[in-house]
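The structure is given below, and queries will be raised subsequently.
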There are 2 protein chains.
Amino acid sequence: MDITSFMNREATPDLEYLVDPSPTEALRLINLRKSTHVILIYGDMTAFYEGRAKSQLEDLMPRLVISKPDGTFMVHESNKEKPRLWNPPPSTLYASINLGVLTLRSVRASPREVVMVEIPVIRFVSAVRLGITLNYRVFGTEEDLVNAIVSNPSIVEDGLQIIAREYHTIVGDIDLLGKDSKGNLVVIECKRSQAGPEAVNQLKRYVEHLSQKESKNVRGILVAPSISSAAYHYLRQYGLEFRRVEPKSLI
Amino acid sequence: MDITSFMNREATPDLEYLVDPSPTEALRLINLRKSTHVILIYGDMTAFYEGRAKSQLEDLMPRLVISKPDGTFMVHESNKEKPRLWNPPPSTLYASINLGVLTLRSVRASPREVVMVEIPVIRFVSAVRLGITLNYRVFGTEEDLVNAIVSNPSIVEDGLQIIAREYHTIVGDIDLLGKDSKGNLVVIECKRSQAGPEAVNQLKRYVEHLSQKESKNVRGILVAPSISSAAYHYLRQYGLEFRRVEPKSLI
DNA sequence: CACTTTATCTCGTGA
DNA sequence: TCACGAGGTAAAGTG
């Protein structure tokens with residue numbers, strides 16, 4: 001086996017790796033770098049999870065472990081975007097050697113959850129330093145849609161005036177509250193992608209609450225790029241309205 | 001740079017890697033193995049996504065690319081469980097060299113989405129063969145809870161009879177439909193973790209729909225390990241009921 | 001395909 | 001900390 005790193009005395013290296021290391025060598029690199037680097041481990045392993053639910057990967061099989069300095073811990077297999085087992089951040093990684101086998105224990109405090117991995121065959125271990133993008137931004141979110149309507153309410157309807165945004169009620173927060181040209185209160189619920197029954201239900205809940213509280217008629221408008229046909233029936237049954245808006249057209 | 005693999009003529013190797021490769025060398029390994037192996041790429045890169053939404057990682061920074069044979073494509077940073085950018089399977093990976101820079105393009109067909117990554121500094125590339133667990137099972141899911149109630153309805157209430165499971169309605173699918181000892185229809189909605197207002201709303205929707213359709217009184221019971229106080233108020237306000245059940249106690 | 005719901009959802013935000 | 005809702009949700013199941 002061959003240890004390779006690009007060390008100078010000044011700085012910790014960005015990249016270190018071990019090929020077919022002994023458990024001891026692997027353990028040393030993991031413990032040395034787990035709090036600053038992303039650790040990658042490739043080998044034959046079994047794994048086990050217990051916490052909010054419970055699951056077991058008892059077949060010894062080549063898998064990939066990824067540990068991040070924030071406590072993210074993942075066991076990936078050959079398919080799927082999601083790891084097969086994981087602990088979300090913040091969790092704590094404990095590495096040890098049990099009966100000669102490299103053993104990883106990721107512990108999440110609350111809720112208490114544990115992922116345990118045993119790696120009898122270690123093919124590869126690496127520690128790499130990764131960056132974090134600041135001011136990360138996604139365009140075309142629901143918030144962008146709400147903003148666009150605030151700055152131009154006629155997207156929804158001519159004569160509409162926006163009264164409030166994120167209007168808090170006992171039954172939830174209303175995306176936008178407005179008044180139409182005839183003076184009716186209008187509840188607006190926005191969705192960035194196709195609306196389903198839950199979205200209609202949400203709108204209905206707000207409208208019912210407000211019309212009861214204000215004891216007058218309240219309109220409800222669902223704003224989304226599309227709506228499922230069942231949801232549309234449901235919406236019309238309760239006298240609610242749908243307004244088609246593409247969030248991407250507003251970017 | 002140093003190419004290392006454990007090749008014999010018989011079989012493709014489970015592990016290959018390149019340290020500080022040229023773009024050409026990296027490209028070769030990627031194209032050779034992308035359909036069978038998980039590809040790991042560590043280097044300084046920028047990335048870009050456009051599809052359902054849009055986002056850009058324009059700062060050149062060390063990141064980790066993971067590509068799986070099923071088309072999963074992820075760009076990971078130093079924190080978070082979720083990749084910063086990704087394409088879910090099935091997507092297609094195209095690798096090329098543009099103006100001397102290794103460029104990856106992951107394309108998802110429907111909805112049309114593209115992730116593009118440019119890697120001017122390639123520190124490390126690896127291809128590893130991973131397994132897939134068959135008969136994978138999680139214990140303590142909502143389905144387990146529903147099953148437990150089907151085989152022993154008294155968990156919810158003495159004298160309860162289960163009539164149907166996954167009962168389809170226009171407003172959605174009802175987890176369990178039952179009849180109580182007095183002959184009333186009972187809608188049961190199960191949650192494996194704490195119930196919030198949305199769960200109550202869901203139950204209310206089913207109960208309203210059924211009581212309208214059957215034109216008689218219908219009870220609604222929310223079964224969950226706990227319920228938020230706001231949700232409980234809301235539940236009681238509509239005459240619905242809550243039954244505390246720990247899904248883990250049923251494993 | 002489209003539709004619906006679950007999830008060890010994760011993640012951000014605001015009380 | 002907890003509660004709540006969005007998410008490029010992903011993944012699974014059904015018609």
Side-chain angles (χ1 to χ4, degrees), chain A residues 49-55 72-74 79-89 91 106 108-115 136-146 166 168 171-175 189-199 202 226-232 247-248, chain B residues 49-55 70 72 74 79-89 91 108 110-115 136 138-146 166 168-175 189-199 201-202 226-232 247-248:
Chain A
Y49 153 76
E50 178 151 22
R52 288 166 291 180
K54 187 172 167 177
S55 186
T72 301
F73 185 84
M74 304 184 274
N79 61 1
K80 301 291 151 65
E81 176 183 326
K82 298 191 67 182
R84 186 60 90 185
L85 295 186
W86 73 93
N87 249 349
S91 303
S106 168
R108 184 188 191 187
S110 175
R112 172 84 179 181
E113 302 198 279
V114 178
V115 176
Y136 171 67
R137 176 81 207 279
V138 178
F139 298 91
T141 61
E142 178 180 308
E143 193 187 347
D144 293 333
L145 178 52
V146 171
E166 292 297 307
H168 301 282
V171 300
D173 296 356
I174 296 174
D175 283 342
E189 173 64 29
C190 299
K191 290 293 166 200
R192 70 165 305 287
S193 52
Q194 176 168 293
E198 276 302 308
Q202 208 176 343
S226 62
I227 184 169
S228 71
S229 73
Y232 186 73
K248 292 190 61 185
Chain B
Y49 152 76
E50 178 150 22
R52 288 167 292 180
K54 187 172 167 178
S55 185
D70 68 348
T72 300
M74 304 184 274
N79 61 1
K80 302 291 151 64
E81 175 183 326
K82 298 192 67 183
R84 185 60 88 185
L85 295 186
W86 73 93
N87 249 349
S91 303
R108 184 188 191 188
S110 173
R112 172 82 181 184
E113 303 199 277
V114 178
V115 177
Y136 171 67
V138 177
F139 299 91
T141 61
E142 179 181 307
E143 194 186 348
D144 293 333
L145 177 53
V146 171
E166 293 294 310
H168 300 282
T169 74
I170 181 81
V171 300
D173 297 357
I174 296 173
D175 283 343
E189 173 64 28
C190 299
K191 289 293 163 200
R192 69 167 307 284
S193 53
Q194 176 168 295
E198 280 300 311
N201 209 32
Q202 205 176 345
S226 63
I227 184 169
S228 71
S229 74
Y232 187 73
K248 290 188 64 182

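Since this is a predicted model, take the numbers as computed values, not measurements. Proteins get letters first, then strands, A, B, ... in listed order; numbering begins at 1 in each.
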Filtered N/O pairs between nucleotides 13-15 of chain C and protein, under 3.5 Å:
none

CG of B:L85 to CE of B:M74, rounded to nearest 0.5 Å, is 12.5 Å
**Message:** Under the rule for side-chain hydrogen bond (donor to acceptor under 3.5 Å, both in side chains), what residues qualify as partners of B:E143, not counting sequence neighbours?
**Reply:**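 In terms of side-chain hydrogen bond (donor to acceptor under 3.5 Å, both in side chains), with neighbours along the sequence ignored, B:E143 is linked to no residue.
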Tightest non-hydrogen contact, residues A:A231 and A:P197, listed as CB-N, 3.7 Å
key: For A:D175, side-chain hydrogen bond (donor to acceptor under 3.5 Å, both in side chains) partners two or more places apart   =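 For A:D175, no residue satisfies side-chain hydrogen bond (donor to acceptor under 3.5 Å, both in side chains) once neighbours in sequence are set aside.
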Outer limits of DNA chain D sitting under 4.0 Å from a non-hydrogen atom of chain B, read 5' to 3', are D:dA3 to D:dA11
Hits for side-chain hydrogen bond (donor to acceptor under 3.5 Å, both in side chains) against A:S226, two or more places apart or cross-chain, chain-then-number order -> A:Q194
Check: In chain order, what residues pass the side chain to side chain contact (heavy atoms under 4.5 Å, CB included) check against B:V138, with sequence neighbours excluded?
Finding: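 Applying side chain to side chain contact (heavy atoms under 4.5 Å, CB included) to B:V138 gives A:A53, A:S55, B:Y136, B:T141.
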Contacts of A:R137 meeting salt bridge (Lys or Arg N to Asp or Glu O under 4.0 Å) (sequence neighbours excluded), chain-then-number -> A:D144
Nucleotide by nucleotide, nucleotides 3-12 of chain C touches protein heavy atoms under 4.0 Å in the pattern (B base, S sugar-phosphate only, - none) SSSSSBSSSS
Listed partners of B:P88 passing side chain to side chain contact (heavy atoms under 4.5 Å, CB included), at least two apart: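 Testing B:P88 for side chain to side chain contact (heavy atoms under 4.5 Å, CB included), a comparison that skips the adjacent residues, returns A:E81, B:W86, B:R108.
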* Mind checking side chain to side chain contact (heavy atoms under 4.5 Å, CB included) for A:A199 and listing every partner two or more places apart, or none if nothing turns up? =>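 So A:A199 forms a side chain to side chain contact (heavy atoms under 4.5 Å, CB included) with A:K191, A:A195, A:L222.
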### Sequence-distant partners of A:N79, side chain to side chain contact (heavy atoms under 4.5 Å, CB included), two or more places apart
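Side chain to side chain contact (heavy atoms under 4.5 Å, CB included) check on A:N79 returns A:R84, B:D70, B:I132.
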